[in-house]
Peer 1: 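Sending over a structure as structure tokens; questions will come in a sec.
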Amino acid sequence: MSKVLLIGCGGVGTVAAHKLAQNPDVFTEIMIASRTKSKCDALAEILRSKYNANVTTAAVDADDLEALTALMKSFSPEICINVALPYQDLTIMEACLAAGVNYLDTANYEPKDEAHFEYSWQWAYKDRFEQAGLTAILGCGFDPGVSGIFTAYAAKHYFDEMHYLDIVDCNAGNHHKAFATNFNPEINIREITQKGLYYKDGKWIETEPLEIHQPITYPNIGPRESYLMHHEELESLVKNFPTIKQGRFWMTFGEQYLKHLDVIQNIGMSRIDEIEYTAEAADGSGPVKVKIVPLQFLKAVLPNPQDLGENYDGETSIGCRIRGIKDGKERTYYVYNNCSHQEAYKETGMQGVSYTTGVPAMIGAMMFLKGIWKRPGVWNVEEFDPDPFMEQLNKHGLPWHEVFDGDLEL
């Protein structure tokens, strides 16, 4: 029996749940848990009717260590897939240690009160997971996740030394909304509005938010303006592949999106600190003091990313462009996946951005349960054998393509 606990029932969680249910030979029993049990119940009903899945649900607050630990001890899963919020990572890791459960997530930890993310907090758990005989797999979405596996695959098969790495992420889809984010608005806007960061010659270089940009041509899409950003997988990739001289991450944004984002920042709605304002009491008894976090309030009024799929057309294109040396000669390599928003929606009811993150989360858990990626400690995905994961990407809806010795543009 291979039991899996999935914490989180948003867009990514929904895709991951569909993929878990499609593979009953590996995942014999699934539990979906989140703060809102009714969402889990509705998803479970779909999975039972569509795949005859063996699935149960639970309500749990992912900030509550005691409740998480109790849930894990009562269900006894082999692995916990964390697709909750990034600032809940450490609590879930603590619960896994307390309950003796292996761990996998798709995004690294960031504090709730600071728009800053890095792996140091989670890497600090390495000895504790190792001593407990438990495996923790970090960043097993697409980027981070598949981007690291693409890089490891390139290093294993095509390069003696990788020198330049550019991860390029394009969403050429259209959700036909004036403004919406493709995943949790709070996390999305925090990520985009912080300063950029890239690696060069052993040093980290900081830039102003979205300061560096240029057009990059994406397969089947064409040229799109792409912006240099800080992204977590660079931190682990330059550590695990020390021949890399320069590592950068690029993402596309449309003009309308950036215009709205600029206004949101200028009027203070991207703030993550608590503010107090005076409002009239609902019962008419007079003014009352109300506290809100502006970005959390904004999240409540923006479209739910889970509801974007039906009218979303176009596709995503995410890949790695690498330059280095093989047999004394310079070579370039580009490996990428294009994912259709409509095809993702037809299969799972979610758009392509959720799909490209949820599928790798399932495959990572599969790699662990099959004993292929089973190693006590805390690991980033590129520290495991990429080949079996790459094979599963082709089987589960994220086929990849390669271009050798082409123009990388970067």
Side-chain angles (χ1 to χ4, degrees), residues 4-17 30-37 39-40 43 57-75 77 79-126 128-129 134-141 144-145 181 183-191 194 231-233 272-274 293 295-296 299-300 304-306 354 357-358 360-362 364-365 378 380:
V4 59
L5 171 63
L6 179 70
I7 298 180
C9 194
V12 174
T14 298
V15 172
I30 305 161
M31 176 179 277
I32 307 168
S34 80
R35 195 188 302 265
T36 310
K37 187 174 183 291
K39 287 174 64 178
C40 303
L43 176 56
T57 65
V60 73
D61 180 349
D63 292 314
D64 187 335
L65 176 57
E66 196 173 300
L68 282 168
T69 304
L71 178 65
M72 290 183 189
K73 284 182 175 179
S74 66
F75 182 58
I79 190 167
C80 170
I81 299 175
N82 167 20
V83 288
L85 296 171
Y87 42 73
Q88 295 167 323
D89 288 359
L90 301 189
T91 311
I92 297 172
M93 290 179 80
E94 287 284 358
C96 284
L97 285 167
V101 174
N102 300 282
Y103 173 87
L104 178 145
D105 67 29
T106 62
N108 71 353
Y109 174 75
E110 61 178 282
K112 197 168 188 175
D113 57 356
E114 184 185 359
H116 175 78
F117 51 91
E118 61 179 62
Y119 275 119
S120 62
W121 289 290
Q122 290 180 279
W123 285 344
Y125 280 75
K126 189 177 181 72
R128 292 175 64 193
F129 270 82
L134 297 171
T135 300
I137 301 168
L138 305 184
C140 196
T181 61
F183 55 95
N184 185 292
E186 191 179 351
I187 303 303
N188 193 190
I189 292 171
R190 281 165 65 127
E191 176 183 296
Q194 71 172 291
H231 227 248
E232 63 237 59
E233 66 263 49
I272 61 174
D273 57 317
E274 193 173 70
V293 174
L295 185 53
Q296 290 177 0
K299 172 186 171 183
N304 186 339
Q306 282 183 261
S354 295
T357 307
M362 178 279 291
V378 174
N380 293 90

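Keep in mind that this is a model prediction, so the values were computed, not measured. FYI, side chains are in, hydrogens and waters are out, and symmetry mates aren't considered; it's all heavy atoms of this structure.
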Peer 1: Of all heavy-atom pairs between Ala107 and Asp89, which one has the smallest distance, and what is that distance?
Peer 2: O-OD2, 2.7 Å
Peer 1: Below 4.5 Å, heavy atoms only, C-beta onward: do Met72 and Leu5 meet side chain to side chain?
Peer 2: yes
Peer 1: List for me each residue that meets ring-ring contact (aromatic ring centres under 6.0 Å, His included) alongside Tyr109, sequence neighbours excluded, and say none if there are none.
Peer 2: Trp121
Peer 1: Grab the two heavy atoms, one from Ala84 and one from Ile92, that are nearest each other, plus how far apart they are.
Peer 2: CB-CD1, 4.2 Å
Peer 1: Ignoring hydrogens, what is the shortest heavy-atom contact between Thr106 and Pro144? Give both atom names and the distance.
Peer 2: O-CG, 3.6 Å
Peer 1: If you define the side chain from C-beta out and look only at heavy atoms, does anything of Leu68 sit under 4.5 Å from Val60?
Peer 2: yes
Peer 1: Are Val101 and Phe75 close enough, and set up right, to give a side-chain contact (heavy atoms from CB on, under 4.5 Å), and what steps lead you there?
Peer 2: CA-CA 10 Å; Val101 174; Phe75 182 58; over 6 Å; no
Peer 1: Could you check whether any side-chain heavy atom of Thr36 comes within less than 4.5 Å of a side-chain heavy atom of Cys9, counting everything from C-beta outward?
Peer 2: no
Peer 1: So how far is it from Leu6 CG to Leu104 CG, rounded to the nearest 0.5 Å?
Peer 2: 10.5 Å
Peer 1: Compare every heavy atom of Ile79 with every heavy atom of Tyr103, then report the nearest pair and how far apart it is.
Peer 2: N-CG1, 4.0 Å
Peer 1: Return yes if some donor-acceptor pair links the side-chain N/O of Asp105 with the main-chain N/O of Gly139 below 3.5 Å, else return no.
Peer 2: yes
Peer 1: With rounding to the nearest 0.5 Å, note down the distance linking OG1 in Thr69 to CG in Asp64.
Peer 2: 8.5 Å
Peer 1: What are the two closest heavy atoms between Trp123 and Asn380, and how far apart are they?
Peer 2: NE1-OD1, 2.9 Å
Peer 1: Quick one: do Val15 and Val83 satisfy side-chain contact (heavy atoms from CB on, under 4.5 Å)? Show the steps, please.
Peer 2: CA-CA 11 Å; Val15 172; Val83 288; over 6 Å; no
Peer 1: Would you sort out whether Glu94 and Arg128 count as a side-chain contact (heavy atoms from CB on, under 4.5 Å), showing the intermediate values?
Peer 2: CA-CA 10 Å; Glu94 287 284 358; Arg128 292 175 64 193; 2.9 Å; yes
Peer 1: Who pairs with Thr57 by side-chain contact (heavy atoms from CB on, under 4.5 Å), at least two apart in sequence or on another chain?
Peer 2: Lys37, Cys40, Asp41, Ala44
Peer 1: What's the separation between atom CG in Asp63 and atom OG1 in Thr91, rounded to the nearest 0.5 Å?
Peer 2: 6.0 Å
Peer 1: What is the distance from atom CG of Asn108 to atom OG of Ser120, rounded to the nearest 0.5 Å?
Peer 2: 9.0 Å
Peer 1: Please round to the nearest 0.5 Å and tell me the distance separating atom CD of Gln88 and atom CG of Asp61.
Peer 2: 7.0 Å
Peer 1: Which pair of heavy atoms, one from Leu71 and one from Ala33, lies closest together, and at what distance?
Peer 2: CD2-CB, 3.8 Å
Peer 1: Drop me the distance from Gln122's CD to Glu232's CD, to the nearest 0.5 angstrom.
Peer 2: 9.0 Å
Peer 1: What pairs with Ser74 under side-chain hydrogen bond (donor to acceptor under 3.5 Å, both in side chains), at least two apart in sequence or on another chain?
Peer 2: none
Peer 1: Does the side-chain contact (heavy atoms from CB on, under 4.5 Å) test come out yes or no for Leu97 and Phe129, once each step is laid out?
Peer 2: CA-CA 7 Å; Leu97 285 167; Phe129 270 82; 3.7 Å; yes
